[in-house]
Amino acid sequence: LQLVSLEGTRFELNTIVLAAVSDMLGTILSQVSSNYDEDRYIVEWSIIYRIHDVSATNYYYTGAPPPEPPLLEHQNITLHVSYVPSGSDEDGRVYGNIVIELFPNEAPLHVDSFVSHIESDAYNHTIFHRVIDGFVIQGGDIQNQAGTGGYAGDWYGYCNGEPATGCDTADMTIPSEADNGLTHGPGTLAMARTSDPDSAGSQFYIVPNDSMPSHLDGSYTVFGQVTSGMLHVDAISEVDTDGSDTPFYDVIIEGAWVN
């Protein structure tokens, strides 16, 4: 719809479907008129309309909300791990696969970051540095392998937990997606972070079968679920550790890939 003023100034509004013009014209004219001083007035108006045709499809306003974007397909990844079971030594090291289904619709940024690190081989030969029986097994520190480092797999607008326009790669973090409705339970994959909710980097944790850490729900972003290999998750959660929850023998991610 276009309106032309006394001085020839043209006011352009978003296209309005012809069927709605008659109902809205009076309101629009009064709104435009109110923007003028008393000695100015509209002396001419005209309606110019066109129904656009794109690929033989006519588009029109129905009053309905825009359609939801199509759902993304779930992705599956594999962590190939090795560990020394409780009571054994290096000669008894076990190798196995943990298969995890990722949820890109519920946690798109966390899934994207996780997959980016996998595709760049960043997780290969890193360790599960923190193992607490009956709670979680935690790994993914791609910098220091000690729980003190790690960063996002891509740029998501946050540095060290704060909104930013840019920063060093080592400071990039992921904003929280913990309010996605997913909860913690056996086999849950979630992202670790500091006390800042937007400080997640590359560290993650997996919940074993004998744990139900519901107190983490809504605070830490859940973005995947183990679908195969829980026997390895449970065995890792029971390995021998020192007083700081560090395994005596390294629990290693030998490799990781997108299935």
Side-chain angles (χ1 to χ4, degrees), residues 74-104 107 110-111 113-142 144-147 149-150 153 182-193 200-214 216-217 220-259:
H74 288 190
Q75 293 176 288
N76 291 281
I77 64 95
T78 295
L79 302 178
H80 182 55
V81 300
S82 74
Y83 56 94
V84 175
S86 178
S88 187
D89 57 22
E90 192 62 54
D91 292 336
R93 179 169 290 274
V94 173
Y95 293 80
N97 291 338
I98 301 171
V99 180
I100 303 173
E101 181 180 11
L102 304 179
F103 304 136
H110 285 71
V111 169
S113 177
F114 193 64
V115 170
S116 293
H117 280 316
I118 289 175
E119 292 180 334
S120 66
D121 297 331
Y123 286 130
N124 291 1
H125 311 299
T126 61
I127 63 172
F128 283 91
H129 60 271
R130 179 177 181 238
V131 172
I132 303 177
D133 188 15
F135 184 41
V136 300
I137 63 173
Q138 181 174 331
D141 181 352
I142 60 178
N144 305 321
Q145 302 203 47
L182 299 178
T183 57
H184 290 74
T188 291
L189 170 70
M191 196 63 79
R193 59 170 176 79
S202 59
Q203 292 187 46
F204 62 90
Y205 59 87
I206 303 174
V207 180
N209 268 316
D210 59 353
S211 176
M212 188 64 73
S214 58
L216 302 178
D217 294 345
Y220 291 79
T221 301
V222 174
F223 65 101
Q225 177 68 38
V226 175
T227 58
S228 177
M230 277 300 292
L231 73 163
H232 299 301
V233 174
D234 291 342
I236 291 172
S237 73
E238 297 171 353
V239 300
D240 298 326
T241 59
D242 62 19
S244 60
D245 302 318
T246 302
F248 285 137
Y249 299 97
D250 284 346
V251 178
I252 305 171
I253 300 176
E254 302 284 353
W257 57 86
V258 178
N259 295 357

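None of the values given here were measured: they were computed from a predicted structure.
- Between atom CD1 of residue Ile100 and atom CG of residue Asn259 there is a gap of 10.0 Å, rounded to the nearest 0.5 Å.
- Side chains of Thr246 and Thr241 form no contact here, defined as non-hydrogen atoms less than 4.5 Å apart.
- Rounding to the nearest 0.5 Å places CD1 of Ile132 at 11.5 Å from CD1 of Ile137.
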Can you list the steps and then say if Glu101 with Thr227 is a side-chain hydrogen bond (donor to acceptor under 3.5 Å, both in side chains)? CA-CA 7 Å; Glu101 181 180 11; Thr227 58; 5.9 Å; no
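- Note that the CD1 atom of Ile253 and the OG1 atom of Thr78 stand 12.0 Å from one another [nearest 0.5 Å].
- Residues Val207 and Val136 are in side-chain contact: their nearest non-hydrogen atoms beyond the backbone lie under 4.5 Å apart.
- Between His110 and Tyr220, the ring center distance fails the sub-6.0 Å criterion.
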Between Asp245 and Gln138, does a side chain to side chain contact (heavy atoms under 4.5 Å, CB included) hold up when you go through it step by step? CA-CA 10 Å; Asp245 302 318; Gln138 181 174 331; over 6 Å; no
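- Residue Gly150 comes nearest to Ser202 through the heavy atom pair CA-OG, 3.1 Å, listed as atom of the first residue, atom of the second, then distance.
- Here CZ of Phe128 is found 11.0 Å from OG of Ser237. Values are rounded to the nearest 0.5 Å.
- Annotation: side chain of Phe135 is in contact with side chain of Leu216 (closest heavy-atom distance under 4.5 Å).
- The list of ring-ring contact (aromatic ring centres under 6.0 Å, His included) pairs with a residue in residues 233-259, not counting sequence neighbours, is empty.
- Minimum interatomic distance between Val84 and Asp89 (heavy atoms only, all atoms of both residues): CG1-O, 3.3 Å.
- A distance of 4.0 Å separates CG in Asn209 from CG in Asp234, rounded to the nearest 0.5 Å.
- A donor-acceptor pair under 3.5 Å is absent between the side-chain atoms of Asp240 and the main chain of Ser86, judged by distance alone.
- Taking each heavy atom of Met191 and Tyr205 in turn, the nearest pair found is O-CE2, 3.8 Å.
- Side-chain contact check for Pro85 versus Val94: some heavy-atom pair is nearer than 4.5 Å.
- Looking at Gln225 and Thr188, their side chains come closer than 4.5 Å, going by heavy atoms from C-beta outward.
- For the atom pair CG (Asn144) and OG1 (Thr126), the distance works out to 12.0 Å, reported to the nearest 0.5 Å.
- In this pair, Tyr123 and Phe114 present their aromatic rings tilted. The plane angle is within the 30 to 60° band.
- The two residues Ser82 and Glu254 have their closest heavy-atom pair at OG-OE2, 2.6 Å.
- Here the side chains of Ile127 and Val251 are not in contact, with every heavy-atom distance at 4.5 Å or above.
- With His129 contributing its side chain and Gln145 its backbone, the two residues share no donor-acceptor pair below 3.5 Å.
- Closest of all the heavy-atom pairs between Ile98 and Gly229 is CG1-O, 3.9 Å.
- Residues Leu189 and Leu102 are in side-chain contact: their nearest non-hydrogen atoms beyond the backbone lie under 4.5 Å apart.
- Taking the side chain as every heavy atom from C-beta outward, Ile206 and Ile236 never approach each other to under 4.5 Å.
- The two residues Asp141 and Ala146 have their closest heavy-atom pair at OD2-N, 3.0 Å.
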